[in-house]
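Remember, predicted model here, so these are calculated numbers, not experimental data.
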Amino acid sequence: MRTIVEKPASGTYGPERPAPTPWYRRPAALPWAWALALCLLYATVAVRRHQLMRTTGYDLGIFEQAVRAYAELRAPVAPLRGEGFNLLGDHFHPLLAALAPLYRLWPSPLTLLLAQSALLALAVVPLARWADRALGRRAAHAVAAAYGLSWGVASAAAFDFHEVTLAVPLLAFSLEALGRRRWRTAVGWAAPLLLVKEDLGLTLAAVGGYVAVRGRADRGALRLGLGTVAAGLLGSFLEIKVLLPALAPTGDYAHGGNLAAAHGSLLGALAHAPLDLLRPETKATTLVLVLAPSALLALRSPLTLIALPTLAWRMASENGFHWGTAFHYSAILMPVVLAGLVDVLGREDNRRTVRASLATVLAVTAVLLPSFPLAQLAQRATWHTTGHLRAARALLDEIPDGATVAASNRLAPQLTSRCTVVLFPTFPVGGRLYAYPREDLPPPTAEWIIHDSEAPEAWPYPPGHWPYPLPQQLAELRAAQREHGYELVARRDGLTLLHRVRAPRTPS
């Protein structure tokens with residue numbers, strides 16, 4: 001009798017091999033999937049905002065002029081800040097030149113906005129990877145959502161472009177390395193912060209202090225930490241006291257007055273800082289909101305101390321914009337707070353406590369979301385192109401490439417990729433930061449003037465016209481035609497386009 005051996009259905013002998021894991025379920029894919037999704041989200045907000053002419057000459061236009069200069073192998077001179085104004089004399093951010101190759105390929109303000117979206121999204125990778133390793137897959141999703149939808153990141157993504165977004169992923173990767181006690185890697189990621197902005201040397205010093213304290217049992221780590229502290233402090237000191245004054249047209253640090261104005265000197269400001277830390281109440285609100293994405297749990301992590309330098313100069317500043325939640329100032333704090341959350345929960349043995357904490361974090365994220373800029377995507381006005389916008393684009397198209405233009409603040413970044421643009425009326429005057437000599441403005445010299453008398457969509461600025469009240473702007477517009485050789489080309493829907501056709505009149 002013959003025995004028949006049946007062949008396995010799979011076509012092979014022996015046990016069946018397990019099916020390969022789909023790419024989207026592999027641990028390495030989770031952080032990058034979040035990064036891609038967040039990049040698309042931020043880019044949608046930023047690009048649509050630019051299309052609606054809600055971006056500004058101050059700041060998108062200024063940074064585009066600097067990156068455009070780098071792309072053309074010139075010093076980063078920004079005419080919007082003043083004639084011959086080297087932007088490295090305002091803030092020290094030579095790492096901005098890293099965007100020049102991208103801008104050379106695509107000379108557009110959208111290059112900067114998309115780069116910013118990608119940089120902010122990239123920071124989720126180390127945070128989600130660390131959370132996945134320490135807490136599991138579901139926790140990684142929660143941490144990624146808490147970071148990606150946090151108000152600090154949303155406020156940065158929806159407001160023009162700023163150099164600090166270069167620092168956000170660098171610090172996030174450094175924090176992940178600190179959490180894994182990889183001290184050299186942490187310092188390596190944090191070291192370029194010195195090239196992003198002059199105050200970030202203090203953040204580098206804070207990273208070094210953490211390494212020195214947590215790794216003190218290892219002599220090598222202790223030396224590395226102390227050396228990093230010294231490098232960070234010395235770097236910021238040299239940038240503020242030597243490099244910035246040398247490059248600034250005024251010969252001093254342009255933003256030093258923010259700390260010295262109230263008490264007469266920098267030392268006086270620092271001495272009063274404990275009293276001023278929570279006054280006015282906007283400061284206290286911001287401090288609570290900074291910690292809110294972690295449901296305040298980050299307070300239990302020593303990693304959160306790395307946020308202190310940024311919080312300290314903001315709360316000590318006399319510039320009210322630094323105290324609140326608008327603009328880009330809190331973006332660099334979000335990775336610190338979420339890293340503190342992962343650090344705290346990673347040391348928690350009770351899984352029920354971890355789950356409850358993450359649920360609270362997601363609840364706080366959901367509650368805060370409608371109050372901050374990502375909610376703009378759900379607003380009807382975001383997707384509506386008005387007749388005023390169409391009229392503005394038609395007039396902008398009248399201006400030829402390569403022309404010199406004096407433009408309203410919201411119109412300036414629509415032109416900076418193809419024209420030399422200054423602000424109308426001329427501001428700042430004589431290279432003085434935030435100087436308003438309203439009675440003695442110099443005459444316009446640009447070939448074209450384009451002005452918008454309609455009050456722009458305000459966020460994040462207070463309502464109204466800037467930098468001068470509308471009556472004075474209109475007076476300067478009339479003077480351009482009467483006295484400075486400009487003729488009217490077109491006037492539509494509150495927009496005025498002038499072209500200079502003759503030399504200005506000289507006093508008899």
Intermediate values then yes/no, side-chain hydrogen bond (donor to acceptor under 3.5 Å, both in side chains), H255 and D90: CA-CA 8 Å; H255 302 276; D90 182 28; 2.5 Å; yes
Side chains of residues 115-125: which donor-acceptor partners sit under 3.5 Å, not counting sequence neighbours?
unit_1	atom_1	unit_2	atom_2	d
Q116	OE1	H162	N	3.1
Q116	NE2	A156	O	3.2
Q116	NE2	D160	O	2.6
S117	OG	A43	N	3.3
S117	OG	L113	O	3.0

Which of L96, I332, L195 passes side chain to side chain contact (heavy atoms under 4.5 Å, CB included) with L166? It is L96
Classify the side-chain pair H91/E163 by whether it contains a donor and acceptor separated by less than 3.5 Å. no
If the threshold is 4.0 Å, N to carboxylate O, is there a salt bridge linking R410 and D452? no
When the ring centroid of Y147 is compared with that of W34, is the distance short of 6.0 Å? no
Report the C-alpha separation of Y253 and E239 in whole Å, then their side-chain angles, then the decisive distance to 0.1 Å, and conclude whether the side-chain hydrogen bond (donor to acceptor under 3.5 Å, both in side chains) test is met. CA-CA 9 Å; Y253 178 40; E239 288 171 5; over 6 Å; no
Side chains of R314 and S330: is there a donor and an acceptor less than 3.5 Å apart? yes
Is the centre of the Y461 ring less than 6.0 Å from the centre of the F327 ring? yes
If we ignore angles and hydrogens, is there a donor and acceptor under 3.5 Å between the side chains of H451 and T496? no
Begin from the C-alpha positions of L149 and L41 and carry the test side-chain contact (heavy atoms from CB on, under 4.5 Å) through to its verdict. CA-CA 10 Å; L149 303 179; L41 176 65; 3.9 Å; yes
S317 versus N319, side-chain donor and acceptor atoms under 3.5 Å: no
If we ignore angles and hydrogens, is there a donor and acceptor under 3.5 Å between the side chains of T416 and E64? yes
Begin with the C-alpha distance, continue with both residues' side-chain angles, and end with the deciding distance and a verdict on side-chain hydrogen bond (donor to acceptor under 3.5 Å, both in side chains) for R48 and Q51. CA-CA 5 Å; R48 188 56 187 158; Q51 291 172 340; 3.0 Å; yes
As a quick check of understanding, evaluate side-chain hydrogen bond (donor to acceptor under 3.5 Å, both in side chains) for W313 and D199, giving each step before the final call. CA-CA 9 Å; W313 74 255; D199 66 278; 3.2 Å; yes
Should R129 and L127 be marked as a side-chain contact (heavy atoms from CB on, under 4.5 Å) after you check the CA-CA gap, both sets of side-chain angles, and the distance that decides it? CA-CA 5 Å; R129 185 168 58 196; L127 296 172; over 6 Å; no
Set of residues satisfying side-chain hydrogen bond (donor to acceptor under 3.5 Å, both in side chains) with respect to T404, sequence neighbours excluded: E447
Test side-chain contact (heavy atoms from CB on, under 4.5 Å) on V77 and L87 and set out the steps. CA-CA 6 Å; V77 170; L87 206 59; over 6 Å; no
